[in-house]
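Scroll down for the structure; my scribbles are underneath it.
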Amino acid sequence: MSHSGGFNEMAATNCKDYEFLTIEPHWQTIWEKTKAFRADNGATKPKYYILDMFPYPSGAGLHIGHPEGYTATDILARFKRARGFNVLHPIGWDAFGLPAEQHAVKTGTHPATNTQNNIVNFRRQIKALGFSYDWDREVDTTDPKYYRWTQWIFLQLFKKGLAYVDERPVWWCPELKTVLANEEVVDGKSEVGGFPVERRNLRQWVLRITAYAEPLIDGLKDVDWPDSTKRMQEAWIGRSEGAEVLFKLENAALGDLKVFTTRPDTLFGCTYMVIAPEHPLVDSLTVPEQRDAVKAYRFKAASKSDLERTDLAKDKSGVFSGSYAINPVNGARVPIWIADYVIMGYGTGAIMAVPAHDVRDHEFAVQFNLPIIRVVAANDGAEELPYTGDGKVVNSPGYDGLTWPEAKKKIIAELATRGVGKGTINYKLRDWLFSRQRYWGEPFPIVWVSEADYARAVAVRSDLPAQPVKFIENGVTQYALPLPDAVLPLILPEVQSYLPSGLGESPLANVTEWLEIWVNIQTGAAVPASQPRPAGDVWVRARRETNTMPQWAGSCWYYLRYLDPQNAGALASPEALKYWDVPDLYVGGAEHAVLHLLYARFWHKVLFDLGVVPQSEPFKKLFHQGIILGEDGVKMSKSRGNVVNPDDIISKYGADSLRLYLMFLGPLEAMKPWNPQGIEGVHRFLRKVWRECLNEEGAINPRISETGALSADTEKLFHETIKKVTENTEDLRFNTAISQLMILLNALQKEPVLPRSVMLDVLKLLAPLAPHITEELWARLGQSGSIMAAGWPSFDAAKLVATTLTIVFQVNGKHRGDVQVPVGITEEELVKLAYENPKVAPHLQGKPLKRSIFVKGKLINLLV
RNA sequence: GCCCGGGUGGCGGAAUGGUAUACGCAACAGACUUAAAAUCUGUGGUUCGUAAGGACGUGUGGGUUCGAGUCCCACCCCGGGCACCA
């Protein structure tokens, strides 16, 4: 039995009216039964892969923002299918994460239970919208069959030396009893819950994303993304070119002070230096008489939270160390200050200050009365300082007269020759803090062993990193031993309590039987340490890693799993990776412009370098849908009570109306308010479509004819509509596609006879936007099979050419009238017509015609 | 402060440098109806004028152009991102 044969047996409903509550579930069931949206990995048709950002299945259910983006991609998926593509359009669940864990803490039920309930609800809501997902490819990041490969990718990063542990100050939230990433801290408070946070040192897993800073910038050149998003990623990576310069310290025993500067050309203007309060040389550079002042300043700086530090950003503070350094270009004696406007985490934690040409240095110099020397002259001779614009170098013997970029190049070369400096590139990008002290995340497939046991593992394992990852705890060095790929997935164990240990470790630290083990260093097999040690040298004592991975981990590679979701031997087969390639279009919110999209690109590039994936960038083309605001023009939120629930809209107007309205609201990328009355308009439009096809009894509209023809004007409009809807759909400009269809319907309504073929084409044009009603009407007009299999209408270019057109008369650029003329009319004839036109002629009376401008097919402008 | 995006009727918005306000909502008037709903028809920037018609109109002020919502310059306002990164 053929695929479409099965479909033919499926009948339409027998509704007399547009009863969407009957029609929509009816067709959804048929689609589901026939697996109408299955993507075929073996197809010979051209492929099209269209990807949504998969949702976090929250307890609140689908937010109206989800169906906005999802409707857009669904329309495109259906459009591409109609145009003959093998379309991959999948969905899944980004289901690990903090809210489920907090719910578990509150209720004591397993986060998996709550998560599964939420998924059931999300799935129901998404199906009610008629989205054409291939449900055989659904993924769930919390499924061990899925996170097995998340863990596997982590192991590849680990083996490549891209994962390490480090004790570092991290945000600690006493309320949540957990560590938060920088991006989860907003204005000194936790993003979730809004609780205060503080700094604390903890052992953390960190991914070396900085090793990929350069490729992550370079790759942006090759992708079709919104410019603003590219710029945001560039700014986040923050590449800056400059030089490291060594300043000899006056106290030669202390050696050199290394600074990073982007403007080595201004070295002659350096009048003081600044080191960060955390700089290792602070103590040795502080002279005895300054000791108390420096100590006090350091204490103050350390106790400031980042919030205070940025709040006080306007006021510069600092203290003199009492020591001096020697400027390598002119031997000048330069005082060294300590100030918190220099941060330890960037560059070398020390700067040369050039107050004449740096705004912050200038502010500081004015405040502390330090000298200011101009070394770049403004092109326009302006005297004002600080000056950061272009110009020629002055007061710099050997470089005067050069533009500053020239001087920069020359001075870097000179410093390098003398061995006191070199060109360098710095990035703002920090390594990625990759661990959380939480339960509801992927466990790390890592155990900690002693130095001696690790040495034994080195002898029998070939998959260990070149440099061991180790960590000193209570004076003992622990070594991170990866579990072999073969024992994955490492299943998240059951716990008694979902509360964090409260000491910075996750609830996993309380599961002793799981935590403390004998491990086989060769196979990764484990038995609880409470049991006797199995026989053989390969069994060693180990403690499991208790951190779990952040929510980003699962979302970093899900678009690859869709290609081959059941594969038990690889994250996806090489054939699937090659056939589907990367998504042709990725649609999601701009709030992921930096983090998710940067992290996923990083993993993809690592997988590319490992030969796992065949291309170096994961997302060729990216589009951000805008935010839908509440009726009141403010962002929707529960507390404001302006949230729109898709379920309510569907039960009142139907999914087709909701889809159409979401797309008709305005440009997809725009932020726009919800208008409850606006949906009436598109709903009326759908009812009008229904009435043009079927009469009140539900039988075919008697005006529909096999042989009749449209009037010439409507015929032309019909072909224009095909053209416009096709182009607009391709460009994701659905609002104008819909208005064009409305214009066509208004015209068809006035036609005495409706050719059947025209009505069928209209349904085809509308089908991606409103799939249920068009399936129903397609069947009711006597067509067999799904409208989705019926192809896409094409327009007749000859029909677009009018025989007469309207030419506008302008006199001196002002609109004065218009005239219907045949297509081939000449300029002379039009000028003549203008003088005869009762509306135009008065404006031409008594004034000689100086010139006329004729825009073919549009207008003629007469200058008098 | 820096980097983006945007300001068009009562509202959402449309407009390859060429008739500004398409399409939809809301409003008003009319038709159908015992009535209502539904549906259909029509009106609709401001201002002067009985009208025909004129003047002015896309945040503000300049400019380029035969012609500017659209291009250029300056400014104002709104939204987003970054924020002592040397």
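Chain letters run A, B, ... following the sequence lines, proteins first, then strands; residues in each count from 1.
Two rings, from A:Phe368 and A:Tyr272, have their centers 6.0 Å or more apart. For A:Phe20 and A:His683, the gap between ring centers is short of 6.0 Å.
Look at A:Lys230 and you won't find any side-chain N or O under 4.0 angstrom from OP1 or OP2 of B:G81. Taking 4.0 angstrom as the limit, A:Arg684 places a side-chain polar atom (N or O) nearer than this to OP1 or OP2 of B:C25.
In this structure, a donor-acceptor pair under 3.5 Å is absent between the side chains of A:Glu244 and A:Thr348. With 3.5 Å as the limit, one finds no donor-acceptor pair spanning the side chains of A:Tyr427 and A:Thr210.
In A:Glu696, the CD atom is not crowded: 12 or fewer heavy atoms of neighbouring residues, nucleotides or ligands sit closer than 6.0 Å.
If A:Gly681 and A:Thr261 are placed on RNA chain B by their nearest nucleotide, the residue sitting closer to the 5' end is A:Gly681. In terms of position on RNA chain B, the residue among A:Ala235 and A:Arg687 whose nearest nucleotide sits closer to the 5' end is A:Arg687.
Per the geometry, CE belonging to A:Met344 stands 17 Å off P belonging to B:C84, to the nearest Å. Nucleotide B:C82 holds its P atom 18 Å from the OH atom of A:Tyr346, rounded to whole Å.
When distances are taken from the side chain of A:Lys688 to each of B:C23, B:C25, B:C40, the shortest belongs to B:C40.
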*What is the per-nucleotide protein-contact pattern of nucleotides 1-21 of chain B, from the 5' end, where B denotes a base atom under 4.0 Å from a protein heavy atom, S denotes such proximity for sugar-phosphate atoms only, and - denotes neither?*
--SS-------BSSSB-BB--
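If you check every strand for non-hydrogen atoms under 4.0 Å, A:Lys814 touches sugar and phosphate atoms only.
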